[in-house]
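Okay, so here's the structure we're looking at.
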Amino acid sequence: MPTSSASTTDSARSAAGGVQSLERAFDLLERMADAGGEVGLSELSASSGLPLPTIHRLMRTLVACGYVRQQANRRYALGPRLIRLGESASRLLGTWARPYLARLVEETGETANMALLDGDEIVYVAQVPSKHSMRMFTEVGRRVLPHSTGVGKALLADFPDAEVRALLGRTGMPAATEKTITTPEGFLAALEEVRRAGYAVDDNEQEIGVRCLAVPVPDAPTAAAISISGPAGRVTEAATERIVPVLQQIAGELSTALVSQNQA
């Protein structure tokens, strides 16, 4: 018996009521991002469990739309049209976060930031400055390497050591100051301390005279962290004990808001 168009449409839908081909395409894009942005079809098939013909068909569509490009070596890389989507999403995420960062400034007195892990780099997507005359300022959109920042440590703390080593191998570990961690072993030890303490510290590692405290935003739709930064003379060990619980509370509230927006 011929298959009706209605049943064909139903078969293309996932059990959750979505369109299965779309779900698979986005899953492949995320797997490509997790692999560093460039993969082969056989790698995608092994990680996703999808047959090669299905992956090839989906990738052809993504290439035609500009979201993926095929390299000369026949491997596939994330395409330039994703940049526009990512930049727009980052701006929107920063807009949602600003009221929470404003509360963080009110309760801690220091400049509050939100940052994302974008590929191998940290990008700042929102900031609310401190009201002190001496305050820290980071340009929204600025990109830095993770190894010298509190937000970088907070974002990478849950990554397997092998993935962290691979990232550091790609970026290198240049010293921003004499206190910057410049060895993979030293950075992995710092991440272990982040896991133990529940927060990350940049102690004069990005800029002399500046301390930063950071925590991840749990269950965010993309890896995100919030932080406060201020002069080392104000962000002391005593201030850290007061500030960290505030950071963690506001990160949890921001997480709840982002998750509800993502499900809307």
Side-chain angles (χ1 to χ4, degrees), residues 29-40 43-44 46-47 71 73 75-78 82-83 86-87 90 93 113-125 127 136 138-229 232 235 244 247 251:
L29 289 173
E30 291 187 2
R31 291 178 187 278
M32 291 178 71
D34 291 341
E38 181 181 329
V39 294
E43 296 168 60
L44 283 175
S47 66
Q71 311 278 64
N73 61 6
R75 290 168 65 82
Y76 289 87
L78 296 175
L82 290 171
I83 296 173
E87 288 177 345
S90 294
L93 192 59
N113 312 281
M114 183 178 189
L116 309 179
L117 183 62
D118 184 20
D120 290 343
E121 296 178 316
I122 298 297
V123 58
Y124 289 92
V125 297
Q127 181 179 84
M136 302 305 106
T138 297
E139 183 181 0
V140 172
R142 181 189 179 201
R143 291 174 175 271
V144 295
L145 297 181
H147 72 283
S148 60
T149 65
V151 285
K153 293 174 188 173
L155 287 167
L156 292 179
D158 285 338
F159 278 51
D161 285 359
E163 290 186 24
V164 174
R165 285 184 181 276
L167 183 151
L168 297 175
R170 293 190 296 269
T171 63
M173 301 183 71
T177 75
E178 66 267 22
K179 295 197 69 174
T180 305
I181 299 170
T182 57
T183 65
E185 290 72 20
F187 190 69
L188 290 172
L191 295 187
E192 183 58 37
E193 177 60 20
V194 174
R195 297 181 196 110
R196 185 198 65 77
Y199 66 95
V201 181
D202 160 12
D203 187 4
N204 294 270
E205 296 162 51
Q206 179 65 217
E207 186 177 347
I208 290 295
V210 177
R211 291 188 87 232
C212 172
L213 307 174
V215 297
V217 179
D219 303 318
T222 188
I226 60 173
S227 68
I228 64 92
S229 55
V235 187
V244 167
L247 265 172

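Index from 1, following the sequence.
- Using a 4.0 Å cut-off between a side-chain N of Lys or Arg and a carboxylate O of Asp or Glu, Lys179 and Asp203 qualify as a salt bridge.
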Going by atom type alone, with no hydrogens or angles, which donor-acceptor pairs under 3.5 Å involve a side-chain atom of residues 215-227 and a protein atom two or more places apart or on another chain?
| unit_1 | atom_1 | unit_2 | atom_2 | d |
| --- | --- | --- | --- | --- |
| Ser227 | OG | Asn113 | ND2 | 3.2 |

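- The minimum heavy-atom distance between Val140 and Gln127, with the atom names listed, is CG2-N, 3.9 Å.
- Listed by chain and residue number, Glu38, Arg69, Asn73, Ala77 satisfy the side-chain contact (heavy atoms from CB on, under 4.5 Å) test with Gln71 (two or more places apart in sequence, or in another chain).
- Minimum heavy-atom separation, Thr149 to Asp202: C-CB, 4.1 Å.
- Remark: Glu30 pairs with no residue by the salt bridge (charged side-chain N to carboxylate O under 4.0 Å, His left out) rule, at least two apart or across chains.
- No side-chain heavy atom of Leu167 sits under 4.5 Å from any side-chain heavy atom of Phe187.
- Between Val144 and Glu121, the closest side-chain pair of non-hydrogen atoms is not below 4.5 Å.
- The line from CD of Glu207 to SG of Cys212 is 11.5 Å long, rounded to the nearest 0.5 Å.
- Contact detail for Pro146 and Ile122: the closest heavy-atom pair is CA-CG1, 3.8 Å.
- Heavy-atom minimum distance, Ile181 versus Met173: O-CE, 3.4 Å.
- When the salt bridge (charged side-chain N to carboxylate O under 4.0 Å, His left out) test is applied to Glu163, no partner is found at least two apart in sequence or on another chain.
- Side chain of Thr171 to backbone of Leu145: no donor-acceptor contact under 3.5 angstrom is found.
- Residues satisfying the salt bridge (charged side-chain N to carboxylate O under 4.0 Å, His left out) criterion with Asp161, sequence neighbours excluded, are Arg195.
- Ionic pairing of Glu43 and Arg31 is not present here: no N-O contact between side-chain nitrogen and carboxylate oxygen is shorter than 4.0 angstrom.
- Leu116 CG to Arg143 CZ: the interatomic distance, rounded to the nearest 0.5 Å, is 9.5 Å.
- For the pair Tyr199/Val194, no side-chain contact is recorded, criterion being any heavy-atom separation below 4.5 Å from C-beta on.
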If you look only at distance, which donor and acceptor atoms sit under 3.5 Å apart when one is on a side chain in residues 150-157 and the other is two or more places apart or in another chain?
| unit_1 | atom_1 | unit_2 | atom_2 | d |
| --- | --- | --- | --- | --- |
| Lys153 | NZ | Val201 | O | 2.7 |
| Lys153 | NZ | Glu205 | OE1 | 2.8 |
| Lys153 | NZ | Glu205 | OE2 | 3.1 |

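- When every heavy atom of Gln206 is checked against every heavy atom of Ser148, the shortest pair comes out as NE2-OG, 2.6 Å.
- The two atoms that bring Val210 and Ser229 nearest to each other are CG1-CB, 4.5 Å, heavy atoms only.
- Rounded to the nearest 0.5 angstrom, Asp120 CG and His147 NE2 are separated by 12.5 Å.
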